[in-house]
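In the text below, chain A, chain B and the rest are named by the order of the sequence lines, each starting its count at 1. In this text, all values refer to a predicted model and were calculated from it rather than measured experimentally.
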Protein chains: 2
Amino acid sequence: MADVAQLAGVSSQTVSRVSNGFPGVTEDTRRQVLAAMRELGYRPNSAARALRRGEFRTLGVITFSLSTMGNIRTLEAIATSAAQHGYAVTLLPVAVPTQDEVNGAFSRLGELAVDAVIVIMEIHLLDAATVSLPPGVQVVVADSDAGDRYTVVDTDQAGGARDAVRHLLDLGHDTVWHLAGPEGSFAAQRRANAWHATLTEAGRTPPPPVRGDWSAESGYRAGLRLADEPDCTAVFAANDQMALGLLRALHERGRRVPDDISVVGFDDIPESASFLPPLTTIHQDFAEVGRLCVEGVLSKMRQDGTEHGTTLVPTRLVRRASTGAPGSSR
Amino acid sequence: MADVAQLAGVSSQTVSRVSNGFPGVTEDTRRQVLAAMRELGYRPNSAARALRRGEFRTLGVITFSLSTMGNIRTLEAIATSAAQHGYAVTLLPVAVPTQDEVNGAFSRLGELAVDAVIVIMEIHLLDAATVSLPPGVQVVVADSDAGDRYTVVDTDQAGGARDAVRHLLDLGHDTVWHLAGPEGSFAAQRRANAWHATLTEAGRTPPPPVRGDWSAESGYRAGLRLADEPDCTAVFAANDQMALGLLRALHERGRRVPDDISVVGFDDIPESASFLPPLTTIHQDFAEVGRLCVEGVLSKMRQDGTEHGTTLVPTRLVRRASTGAPGSSR
DNA sequence: CCAGTGGATGTTTACGTAAACATTGCCTAG
DNA sequence: CTAGGCAATGTTTACGTAAACATCCACTGG
């Protein structure tokens, strides 16, 4: 910086002002400084900057090994949104979702050059962590709502599930079967709860739910069972991949979709439009979730806010060919 | 740090020594300092550290919007491996693969707290960038080999394709058709080249390749065409998703796999084991690619090495039910 | 018994930046 | 014509750490 100042014939403070876009610098001076910067290839030293400013302009993101497409898309949106606000994103990988690993990530976090943290994981692991987070603000995108203790941004799982069930009921189906996600997942649990509640509210009897583990393979196995249920005309699968397996099983068993059985998925993964038939599903707006995480965490940093809350991102029913009225043997 | 020093009754330098695990500190003193650190909740300031040490202990990763599973898995491996070496990972998202975006990422990079950069993208965008990278070492995982100008780590695309073709020839097929990836991709190009070369070396006539765009949908369309080729008994698809679409098309047309047609994919995505039938495919070791990227970049930093080279990560043929001898009407 | 040696610890300093305060010089109002 | 004000720029200082150097002290060997 001193070199630039000398070359431009100004003080280093003026260089600093130019570099940070402060007002009160003549246009002439600014140009000279910029020219000198270019000539010397000057790059501000971000370590010194951070030291002086007391902030890193960096957000940390803790997430499980980028396993699910949802997490990945959210992370991507976080990175993009953070960049727009002039923030970088540092990744804190947690290899396996064990308590030890989470604790390890949290303690590493203490030494990390990070102003705030966004946690993408189920909240019970956060709660059970023995290592506390350093006093940096945090937003949690969790498969749970804990708006009383953390600031939460999440997809409106319940609303999406409700829309899926209502869509099928509106088409004339008597009831809706559910291909649920694994027991440990709060997202799966909330989708299942909303499915159950919506049916009950509509005066229908919920059939026993079938459980999968999110994988297409588990959906296939569940599908073989559902294909044998004579009065099953509509299924709400807790995610698109299980719906894929379900479709294959139904096809194998000669149950036509949607003529014999209607299927709705959840997530709207890119492939779902190419399923056979194209899948009606609940679209999740991961980009919006990521954006809100970043804005939430930044506003908390500014206001030093302590009150928490939950922001739900609405879903959208994407209607494709896998759903229709019952018994429509067109 | 000064507070800790005072509480422990030592100088701040001793605190520094303890905090960095330097020798020459009595066990007694060390314990006292550690106790004081705990009591005060001391966390070393990484900005000051970086300023003093002249390095950030952070790697930057430039990649396209985490679109493909391969990139994601590689990124994950990079993050994990970096963490093991005491390095953090900062993400530089490039929203769309245009030259402008890449230039933007590079210039942002200049101000970023990063010691080195790992670039996960096709090398021609790197070459065409008008903004040059600051003098930090770089490893490029590209859909191309450019070991003369950059240090490259990549999957052995050619070897994998060769194995796929040979596997089919060994089973007794006269020749192997190819469902290729999009023209713009060097990975697709190299797989196609190796397919062609392997057939030619074996004295076979390569049929005209069919092109897809990596998507299952494009594989399906290509599959409808291939199903009508009477002498097509073996297909090598350039990725698993296109193979999925291909399988569906063949099934629709009543061509049995593997009895009538054998299919080999590339990538070994998790779902491929659950395809109908389970897909024989070429497994890519993304974790190894990521690990080698990190180690490569770190060793270059240490040695200040300037010579480049290409490290190829071997693939592995995963044999499943989608391949068999031709005309095996078992 | 003392010089010499080496391990443990303390003191000084600089890393690059930006906030706070100081200075300069020009313009305007009385 | 001059005091006052303000915009543009310069000077000083501190941010938290760790390298380099300085000091202290206990122990060893002659």
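By the side chain to side chain contact (heavy atoms under 4.5 Å, CB included) test, A:R57 pairs with A:R53, A:E55, A:Y87, sequence neighbours left out. Among residues two or more places apart in sequence or in another chain, the side chain to side chain contact (heavy atoms under 4.5 Å, CB included) test is passed with B:A113 by A:S46, B:F56. For A:D3, the side chain to side chain contact (heavy atoms under 4.5 Å, CB included) partners two or more places apart in sequence, or in a different chain, are A:L40. Under the rule for a salt bridge (Lys or Arg N to Asp or Glu O under 4.0 Å), A:R17 has no partner lying at least two apart in sequence or in another chain. With sequence neighbours excluded, the residues satisfying side chain to side chain contact (heavy atoms under 4.5 Å, CB included) with B:E27 are B:R30, B:R31. With sequence neighbours excluded, no residue forms a salt bridge (Lys or Arg N to Asp or Glu O under 4.0 Å) with A:D100. Partners of A:T74 by side-chain hydrogen bond (donor to acceptor under 3.5 Å, both in side chains), not counting sequence neighbours: none found.
In the region residues 34-41 of chain B, proximity to DNA chain C at under 4.0 angstrom, judged on heavy atoms, holds for none of the residues.
Side-chain contact check for B:T90 and A:T90: at least one donor-acceptor pair (N or O, by modelled atom type) lies under 3.5 Å. Between the side chains of A:Q284 and A:T315, no donor N or O sits under 3.5 Å from an acceptor N or O. In summary, the side chains of B:S16 and B:R49 do not present any donor paired with an acceptor at a separation below 3.5 Å, with no hydrogens or angles considered.
Inter-residue side-chain proximity for A:V10 and A:V15 is flagged as met; some heavy-atom pair is nearer than 4.5 Å.
The residue among B:S12 and B:A48 whose nearest nucleotide of DNA chain C is located toward the 5' end is B:S12.
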Dump the pairs, protein N or O against N or O of nucleotides 5-9 of chain C, anything under 3.5 Å, distances to one decimal.
from, atom 1, to, atom 2, distance (Å)
C:dA8, O3', B:T26, OG1, 3.1
C:dT9, OP1, B:T26, OG1, 3.2
C:dT9, OP1, B:T29, OG1, 2.6
C:dT9, OP2, B:T26, N, 2.9
C:dT9, OP2, B:T26, OG1, 3.3

Throw together a table of side-chain donor-acceptor distances under 3.5 angstrom for residues 286-297 of chain B, partners on residues two or more places apart or in other chains.
from, atom 1, to, atom 2, distance (Å)
B:E288, OE1, B:R291, NE, 3.2
B:E288, OE1, B:R291, NH2, 3.4
B:E288, OE2, B:R291, NH2, 3.0
B:R291, NH1, B:E295, OE1, 3.2
B:R291, NH1, B:E295, OE2, 3.1

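In the helix from C:dC1-D:dG30 to C:dG30-D:dC1, the rotation axis of the first five pairs and that of the last five pairs differ in direction by 50°, rounded to 10 degrees.
Here chain A contacts DNA chain D (any atom closer than 4.0 Å to a heavy atom, that is under 4.0 Å), and the contacts span D:dA8 to D:dG16 from 5' to 3'.
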